[in-house]
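Predicted model, so just to flag it, every value in this text is computed and none were measured. To find a chain, count down the sequence lines: A is the first, B the second, and so on, and within it residues start at 1.
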Protein chains: 2
Amino acid sequence: MSSRLKDVAALAGVSIRTVSNVVSGSASVAEETRARVQRALDELGYRPNLAARNLRAGRTGLIGLAIPELHSPYFGELAGLIVEAARQRSWTVVIDQTFGDPDAERRLLDGTGGRLVDGLIISPWSLSPEELTAQARSVPVVLLGERHPHGLADRVAVDNVLAADEATTHLIGTGRRRIAAVGLQPHLRNGTAHQRLEGYRTALRRAGIEPDPRLERTVTTLHRSDGAEAMTALLEDGVRPDAVFAFSDELALGALHTAHRHGLRVPRDLAVVGFDGIEDALYANPALTTVAPDKRQIAERALQCLADRIYSPAAGVPPLDIVVPHRLEIRASSHAS
Amino acid sequence: MSSRLKDVAALAGVSIRTVSNVVSGSASVAEETRARVQRALDELGYRPNLAARNLRAGRTGLIGLAIPELHSPYFGELAGLIVEAARQRSWTVVIDQTFGDPDAERRLLDGTGGRLVDGLIISPWSLSPEELTAQARSVPVVLLGERHPHGLADRVAVDNVLAADEATTHLIGTGRRRIAAVGLQPHLRNGTAHQRLEGYRTALRRAGIEPDPRLERTVTTLHRSDGAEAMTALLEDGVRPDAVFAFSDELALGALHTAHRHGLRVPRDLAVVGFDGIEDALYANPALTTVAPDKRQIAERALQCLADRIYSPAAGVPPLDIVVPHRLEIRASSHAS
DNA sequence: ATGAAAGCGCTAACAG
DNA sequence: CTGTTAGCGCTTTCAT
């Protein structure tokens, strides 16, 4: 088995306390003693037991990251940035995938299953803002994406309404009139898709175009296959879109794929715009125009919020609602036809 | 602050022991007592302190997953599967990104920084097999991908030589003769790229084609941008490839992108095959042929190895070298020209 | 069926 | 500068 401070102390012929001091480097230790202890440390291959340290400290140095799924590019990229931002603050990240299961989201929020992490970053899919509010919270929480009406937790997100408006306005500016919206998710309580729809409709109306319900398409998930199916349905239903605004890049890539299969030329016959700014979008053929949230800043701000809550004294600070900037990356898929 | 067993016991008027029994549901408790304790539990919103439980148990229920980067699709997909497979075994995953830094890989393997996880799954990039062997190990380790010559840790991987041979043979079968290999990484000690190169050359020679060094291309990383650059270089160097076998799907997608830009038609003018079986490949335009490792099985087997090492009594079992199946997914990007 | 108490490995307050 | 010891919150052995 692995050795403990006691073993090292015995071997070096000093007290446990001295070994602890050498390990932590905190208090000063006589040079000769330190050398002897260090030798014992090396000989036994001592590794501190973090469970014990955590119990003692009352903190674990772990933060939870709860996202719907790790395999989708958006969440993969975001998770990578969060893990890195956490590491810079000497935190370690434990990852939970909720797959949009409302029970899983609830369980993580209310801490059933035990208190392990010092804080939680969660990107909720299935819980409504009201339910998010209702959940008891055992540690500081940061919400990604979802709005939190009564402000009981910090929140970091882009302005979805504005971003969708900009994307749609851009399409209108390239001469498109029959712009489909792909990505409605009425089965989820989550408000993100709704906000993007709102921005889309607002932009249309501003341009004097009345939103056509047949151009607004529901999807089950945000994956490429859903985008491909929605595109197929749009083409088969004969609603003749001249552009697609997809609520995720994956949906957009699926739509692009179907468009190619049907012999449509992008952007000549059909313009396509996505949302998320994933790496794939840049290398798609043609390169995909996308609304790119500043993911690095999302990660950074979320961790900053957690750090403030965890380390700062009182719980006096009111919940923050942090709006992170986004950029409309215009690429070949939405050039003028 | 959060409440402890002691607080609940005091409120319910029972001993700590009884509360613990109710929480764990292990020993039998009188129905009336249980109800009273449960009420106290609910009232105080008791959440077990996992650090304490871990210290007591001598295990943390955490396993480490160390991968070069989370944002790349292959590792994102793999990490998602591993997190899910771990959850089914009641383990939680903490993620480390090494970015291929040899020091980071060493540190994780030898447990410097303390013992937190019960086991470690690591996908090494920069350490040579020899170095991997030399590292002291504080917990069971499973290596993904890299061969471990002296067999001091379990290893799970596809047969890279065979898989590369198959991919190359497939390209030869479509009539290609000038097949470029993109993805050599001589600056890394890791042997994966070398194995794929070996399979590639073997297939060429079997078909009577002498490998042309000018068709073998080095990359810095396995990202799309590297694939795009390598493709540009291939075209500018005038070596006129009629096919590209890329050692990752990302490289292949980058190459595909560049090919399109240069007006080449895939697969007519150029066939492209990737490696990894990522989701993007299926939705690329044209859909990308790829060597797809059974990632679910990689995750499953890796966790099985850890479980055996962690729970099984003696360390008698010799290290396993598990070869996971792969499939050559033939798609439009490599159809006959 | 329940209570009392030891002890997991570590840090830090207290003593010397 | 270094030794002794309490105690973090939990599980479990030993008693009752």
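Here the side chains of Leu81(A) and Glu84(A) are not in contact, with every heavy-atom distance at 4.5 Å or above.
Picking from dC10(D), dC10(C), dG3(D) the nucleotide with the shortest atom distance to the side chain of Asn49(A) gives dC10(C). Of the candidate nucleotides dG9(D), dT2(C), dT5(D), dT2(C) has the atom nearest to the side chain of Thr18(B). Among the nucleotides dC8(D), dC1(D), dC10(D), the one closest to any side-chain atom of Leu55(A) is dC8(D).
With sequence neighbours left out, Asn190(A) forms a side-chain hydrogen bond (donor to acceptor under 3.5 Å, both in side chains) with Thr192(A).
Between the side chain of Gln97(A) and the backbone N or O of Val83(B) there is no donor-acceptor pair closer than 3.5 Å.
Using a 4.0 Å heavy-atom criterion, one finds that Arg17(A) contacts the bases of the nucleic acid, with or without backbone contacts as well. Among the protein residues, Thr33(A) comes within range of the sugar-phosphate backbone only, with heavy atoms under 4.0 Å from sugar or phosphate atoms but none that close to a base.
With rounding to whole Å, Asn21(A) atom CG is found 9 Å from dA12(C) atom C1'. The interatomic distance linking Arg36(B) (CZ) with dA1(C) (P) rounds to 15 Å, in whole Å. One can place CG of Asp7(A) at 9 Å from P of dG9(C), the figure rounded to the nearest angstrom. A straight line from CG of Leu50(A) to P of dC10(C) spans 10 Å, rounded to a whole angstrom. Between Arg115(B) atom CZ and dC8(C) atom P the separation is 15 Å, expressed in whole Å. Atom NZ of Lys6(A) and atom P of dT4(D) are 13 Å apart (whole Å).
The aromatic rings of Trp125(B) and Phe75(B) lie perpendicular to each other, with more than 60° between the two planes, well past the 30° mark.
Between Leu5(B) and Ser15(A), the one whose closest nucleotide on DNA chain D sits nearer the 5' end is Ser15(A). Residues Pro48(A) and Ile16(B) both approach DNA chain C. Their nearest nucleotides, taken by heavy-atom distance, put Ile16(B) toward the 5′ side. Taking the nucleotide of DNA chain C with the nearest heavy atom to each of Gly13(B) and Arg4(A), the more 5' of the two is matched to Gly13(B).
Listed by first then second residue, pairs satisfying salt bridge (Lys or Arg N to Asp or Glu O under 4.0 Å) with a partner in residues 44-55 of chain B number zero, not counting sequence neighbours.
Listed pair Arg53(B) / dC10(D) fails the phosphate criterion, with no side-chain N or O lying under 4.0 Å from OP1 or OP2.
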